[in-house]
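Working notes, beginning with the structure itself.
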Amino acid sequence: MALQFFNTLTRRKEEFYTIHPGEVRMYCCGPTVYDFAHIGNFRAYVFTDVLRRYLQYKGYKVTQILNVTDVDDRTIGGSQKQGIPLGEYTEKYKQAFFEDLSSLNIKPADVYPEATAHITDMEALVKSLMDKGHAYENKGSIYFRISSFPEYGKLSHMDISGLKAGARVAADEYEKEEVADFALWKGWDEKDGDVFWETEVGKGRPGWHIECSAMSMKYLGKHFDIHTGGVDLIFPHHENEIAQSQAATGEKFVNFWLHNEHLMVEGKRMGKRFGNYYTLRDLLNKGYNPIAIRYLLLATHHRQQLNFTFDGLEASKNALQRLYDFVDNLKIVKEGKNNPQVDEIISKTTQGFEDALDDDLNVSEALGVVFNLVKDINRLVEDKNISKADAEKVLNLMNGFDSVLGILKREELVLDEQISKLIERRSKAREDKDFKLADQIRKDLEAKGIILEDTPQGIKWKRKM
RNA sequence: GGCGGCUUAGCCAAGUGGGAAGGCAGAGGUCUGCAAAACCUCCAUUCUCCGGUUCAAAUCCGGAAGCCGCCUCCA
């Protein structure tokens, strides 16, 4: 099967193709750094991470851009509230964001462009839209004239003529020719304080949408392969990006628009506005494993709403533990004859894994395939019907899969001396048939987060998740 | 009101015309000093409901119910 993705633009699965042979250029809408990101936000980044990793698995050279929005109403408001410069305010959340990405084992993007570092690029884009008659100025602000772009609404499939001023329309809307027009450049306002740029398009700051057009085209070209984001961005953000970009360049902007559904909490979308969110930090502080959180976020198909529960997180942790045990058990396979069945299983599994992911990145199904492998191989291990070389082949396979899933990497476990001594003492106790003492030590170690298992291959220990 | 999506076991979750994947939880068994891990067995005659099309429907069509999202700065 050929790789295909569901494209929001056509609302269909389409066979994937690239503009430049063997190379994928993708832009992912990133965070606004006004606060700690919540795990709903991270669903989007885990999704793009798996997407990017799978493209690399398939042999594509991937250039991934993930922007950081560091100037908008919320960041300005937040910095003023704390009485610190905007840059200082956003820096804190930016750093936190990168730490969180790393906790979730999300691979770094190639560039993390910040809006405030690309004002001149946006200025040039706005100017070009003015020159072409797609934008107009009013009271210091510059707006995009939607009526000049007939394709407007194509991505979200919305009929803009039906848009009416409603509860969520801001007070300055009367300054626009039509309500649906949107700000490219916002003229300076007292509320902005010292946040402004003196540019040829006036004194002020960029509108939200323009940064993504300017920065994506700067790093990826006028026309690139993939653009991702949460479904909430389809309208108006991505619709506006298309309008700005294509009106300015006259070229198609993006071939594939991929959107992830929301993370829900008790049936409602997780969001800052709703107060029903958990930051990654909240969960880590409660002792949850970040990779279990990653597992939870990636195990449901990205176009499916995912209801977050602590039971679900617990189940993810246990599922992950099964994979860890599987890998650990393979590592200690010693003797045994080569079994030709192993090659068959590997080939069947590889096929299944790739077929699943080729089909619009169906991670759930791919995981099902991996667990079938676990069962098949464990059976051979149980029957001692597998060689060390076979086991290594399977481990290689798992590593290949994990280059996509990113869930197997664990911190190197180092036992401190005290614990090693306890383990030794317990071994002695067992030799002496002093099981009471042995069991007590095992219990004590478990309280310290070390789980001991007595196996025919000797004592195994692992960190409690 | 407009547009779109979802409903599969105790929980989570794949599956778009012909076998109901997988995970978690649970039950019994093998192994073990005991555990754990692993293995074996069991765990949806049925996919929200009602009609229809078809030799055949979780899947296609029509209707109903419930839930969710977007409709101007939200991942």
Side-chain angles (χ1 to χ4, degrees), chain A residues 11 28-32 37-48 69 72-74 153 156-160 162-166 168-170 173 176 179-183 186 207-209 228-237 239-240 259-264 267-274 295-296 299-301 303-307 309 311-323 325-326 328-329 352 356 359 362-372 374-375 378-383 430 433 435-436 438-439 442-443 446 451-456 460 462:
Chain A
R11 289 191 181 170
C28 309
C29 271
T32 301
H38 60 70
I39 52 171
N41 300 126
F42 284 111
R43 185 177 191 200
Y45 311 122
V46 168
F47 160 61
T48 59
T69 301
D72 80 321
D73 290 352
R74 290 171 300 174
S156 53
H157 300 84
M158 296 231 308
D159 181 5
I160 294 313
L163 264 188
K164 291 214 169 71
R168 294 185 63 190
V169 173
E173 298 302 306
K176 304 190 295 195
V179 267
D181 290 351
F182 58 90
K186 296 183 165 189
W208 174 36
H209 317 292
T228 70
V231 288
D232 51 294
L233 298 184
I234 295 170
F235 188 87
H237 184 54
E239 197 71 72
N240 292 353
H259 292 97
N260 62 277
E261 257 298 347
H262 286 134
L263 186 66
M264 317 292 283
K268 298 275 179 215
R269 172 184 162 189
M270 181 178 286
K272 287 274 161 62
R273 290 201 240 133
F274 314 113
Y295 184 98
L296 180 72
T300 295
H301 191 271
R303 284 195 291 117
Q304 200 71 13
Q305 290 178 342
L306 163 58
N307 195 32
T309 62
D311 283 350
L313 186 49
E314 188 70 18
S316 294
K317 184 192 83 176
N318 291 339
L320 195 55
Q321 185 65 59
R322 178 161 163 84
L323 294 176
D325 286 336
F326 173 62
D328 290 344
N329 288 337
D359 183 11
N362 191 336
V363 179
S364 320
E365 195 178 322
L367 284 170
V369 171
V370 171
F371 279 103
N372 282 331
V374 170
K375 180 146 241 158
N378 269 340
R379 186 175 295 144
L380 298 182
V381 172
E382 180 73 12
D383 296 344
R430 287 187 71 221
K433 310 265 184 220
F435 296 120
K436 219 171 193 176
D439 290 350
R442 185 168 61 195
K443 236 176 118 182
E446 194 182 339
I451 295 173
L452 290 188
E453 295 174 10
D454 303 314
T455 74
K460 270 179 61 186
K462 63 189 178 195

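Naming convention: chains lettered A, B, ... in sequence-line order (proteins, then strands); numbering from 1 in each chain. Atoms considered below: every heavy atom in the structure, side chains included; atoms not considered: hydrogens, waters and symmetry mates.
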Indicate whether OP1 or OP2 belonging to rA75(B) is found under 4.0 Å from a side-chain N or O atom of Asn41(A). yes
Nearest-Å distance for atom pair NZ/C1', residues Lys268(A) and rC70(B): 14 Å
Between the side-chain atoms of Arg273(A) and the base atoms of rC74(B), is any donor-acceptor pair under 3.5 Å? yes
Can you tell me how far P of rC70(B) sits from CZ of Phe235(A), to the nearest Å? 13 Å
Distance, rounded to the nearest Å, where Ile39(A) contributes CD1 and rA75(B) contributes P: 14 Å
Ranges pairing with ranges for RNA chain B, where each run has three or more Watson-Crick or G-U pairs under 3.5 Å: B:1-7 with B:65-71, B:10-12 with B:22-24, B:26-30 with B:38-42, B:48-52 with B:60-64
Gap between atoms NE2 and P, on His237(A) and rC71(B) respectively (whole Å): 13 Å
Classify the angle between the aromatic ring planes of Trp208(A) and His237(A) as parallel (below 30°), tilted (30 to 60°) or perpendicular (above 60°). parallel
Take the protein atom CG of Leu233(A) and the nucleotide atom C1' of rC73(B), then report the distance between them rounded to whole Å. 10 Å
Between rC47(B) and rA14(B), how far apart are the C1' atoms? Round to whole Å, please. 13 Å
I'd like the C1' distance from rC61(B) over to rG19(B), given in whole Å. 25 Å
Which nucleotide wins on minimum distance to the side chain of Thr300(A), given the candidates rA75(B), rG69(B), rA13(B)? rA13(B)
For each nucleotide in nucleotides 1-11 of chain B, reading 5' to 3', give B when a protein heavy atom comes within less than 4.0 Å of its base, S when such contact involves only the sugar-phosphate, and - otherwise. --SS-S-----
Return the value, rounded to whole Å, for the distance between atom CH2 of Trp208(A) and atom P of rA75(B). 7 Å
My understanding is that only one of Gln305(A), Arg303(A), His259(A) makes a side-chain contact (heavy atoms from CB on, under 4.5 Å) with Val231(A); could you say which? His259(A)
Produce a footprint string for nucleotides 33-41 of chain B: one letter per nucleotide, 5' end first; B if the base is under 4.0 Å from any protein heavy atom, S if only the sugar-phosphate is, - if neither. BBBBSBSS-
Any side-chain donor-acceptor pair under 3.5 Å between Gln321(A) and Asp325(A)? yes
Among Asp232(A), Leu306(A), Asn307(A), find the residue that satisfies the side-chain contact (heavy atoms from CB on, under 4.5 Å) test when tested with His262(A). Asp232(A)
Residue whose nearest RNA chain B nucleotide is more 5′ - Met270(A) or Asn372(A): Asn372(A)
